[in-house]
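This report refers to the structure that appears directly beneath it.
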Amino acid sequence: MAASSSSLASSKSLLGGRRSDGVSGLGFRRPSDLRRLSSSAIQISIRRWASLPARRLEVRAGGDKFGKHFEVATYGESHGGGVGCVISGCPPRIPLSEEDLQFELDRRRPGQSRITTPRKETDTCRILSGIYEGMTTGTSICVFVPNTDQRGHDYSEMSLAYRPSHADATYDFKYGLRAVQGGGRSSARETIGRVAAGAVAKKILKMYMGTEILAYVSQVQKVVLPEGVVDNETVTLDQIESNIVRCPDPEYAQKMIEAIDAVRVKGDSVGGVVTCIARNVPRGLGCPVFDKLEADLAKAMLSLPATKGFEIGSGFAGTFLTGSEHNDEFYMDEHGNMRTRTNRSGGIQGGISNGETVSMRIAFKPTSTIGKKQKTVTRDRQETDLIARGRHDPCVVPRAVPMVEAMVALVLLDQLMSQTAQCGLFPVNPALQQQIAPDPNGTVLTPKPV
């Protein structure tokens, strides 16, 4: 392959082979060059051969959008004017109000109890577009939530010194600057947009297929909810919301609260695990090979702040079993549906949902910002001590529950729309496929007449 020198001439004055830090690669020669760009994309023309037309390579910044069909872009920072999201691809004629979103946002908001951050925000949302007379119009939906309880002075020390294990240093490494107050874009307030969009996705999934998504806390530090104590087929939202830690078992919930209290009073933090289930998910969701259902779920979960691990079905525990022990044997139920006797696959096989309950676990690390003295380094490379101020959760998992549910909903709805677009244009093969259609009985396992 050869690149024409003439096709690169216009780029040569702007792009150099060596960056200002001395590292070879794509770089701007001067900071002022950035201001000469007329758009957010850098466009470079490349010719393979003189006889072929020029091709354009676009280098775009990413990271703020999720989804391909039901696309969500979040915006805003912890101490800016506000946060929110823009939803593109929402089906029209869906009944939707700000109250639908507010219910989920209230589950996520700070200041709920003594084991969450004391920051006081009502997180009251406004829908600015995409709704007419209480129905979605099919156009973009913009949701806005104002920030009202900022304390920028709490971050004066952190403007100079990096918080250990926080995103402070890596944002500087990547961008060369950062919004100091509240952690800027790395703050968990960014998840408000996700939860708002997830509320829309949950409503559509419930209306269309009867799908129910529930998450709960199954571990706080060393307090682990034993397998089988909670029945994932019958657990309810009321049971999960019955206590401040969001564990559906009262005995273990109290133990978890005590574990958080023990570190909270010392200015320290702990991590934990959130278990999430999705019931009544139709068969056929997932696009092998790179967009497998569990692959999309893993990306969604690990994009949440403070996440460090993801398991689907048996997860890492499955590595201790043999194939004969791990396999989920098939059988025919009383309705003529093919089912599995066990669910170690977590409702997904070959990257495609099989109609069983989808189950996963997400690990969250201890909150990075703590009130104990720690060794760190300043922005000018001097070693120092830091005692972080500000208002932060001693354990993030109780408030992470609605965030996890939201991201699962976004993945399932996006995959449902993909499945409908690809495989729903023509009649299905009734001997093998399930017709995905709105179900007044709230179940998608029983085959629909074709």
Please walk me through it: do Glu99 and Ser97 pass side chain to side chain donor-acceptor pair (under 3.5 Å)? CA-CA 5 Å; Glu99 287 73 22; Ser97 67; 3.1 Å; yes
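- Annotation for Arg126: atom CZ does not count as buried by contact number, only 12 or fewer foreign heavy atoms lying within 6.0 Å.
- Residues Arg194 and Ser303 bring a donor and an acceptor atom of their side chains to less than 3.5 Å of each other.
- In this structure, a donor-acceptor pair under 3.5 Å is present between the side chains of Thr122 and Thr124.
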Can you check side chain to side chain donor-acceptor pair (under 3.5 Å) on Thr378 and Asp380, steps first, answer last? CA-CA 5 Å; Thr378 63; Asp380 57 1; 2.2 Å; yes
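- For the residue pair Gln349 and Ser345, a side-chain donor N or O sits within less than 3.5 Å of a side-chain acceptor on the partner.
- Judged purely by distance below 3.5 Å, without hydrogens or angles, the side chains of Ser353 and Arg283 never pair a donor atom with an acceptor atom.
- Neither side chain, Glu121 nor Asn147, offers a donor N or O lying under 3.5 Å from an acceptor on the other.
- Using a 3.5 Å distance cut-off with no hydrogens or angles, the side chains of Asp249 and Tyr216 do not pair a donor with an acceptor.
- Side-chain contact, Arg246 with Gln112: a donor N or O sits under 3.5 Å from an acceptor N or O.
- With hydrogens and angles ignored, the 3.5 Å screen pairs a side-chain donor or acceptor of Ser368 with a backbone N or O of Ser165.
- Geometrically, Lys255 engages Tyr252 in a cation-pi contact, judged by NZ or CZ lying under 6.0 Å from the ring centre and within 45° of the ring axis.
- In the model, Arg109 has no side-chain atom that pairs as donor or acceptor with a side-chain atom of Thr117 under 3.5 Å.
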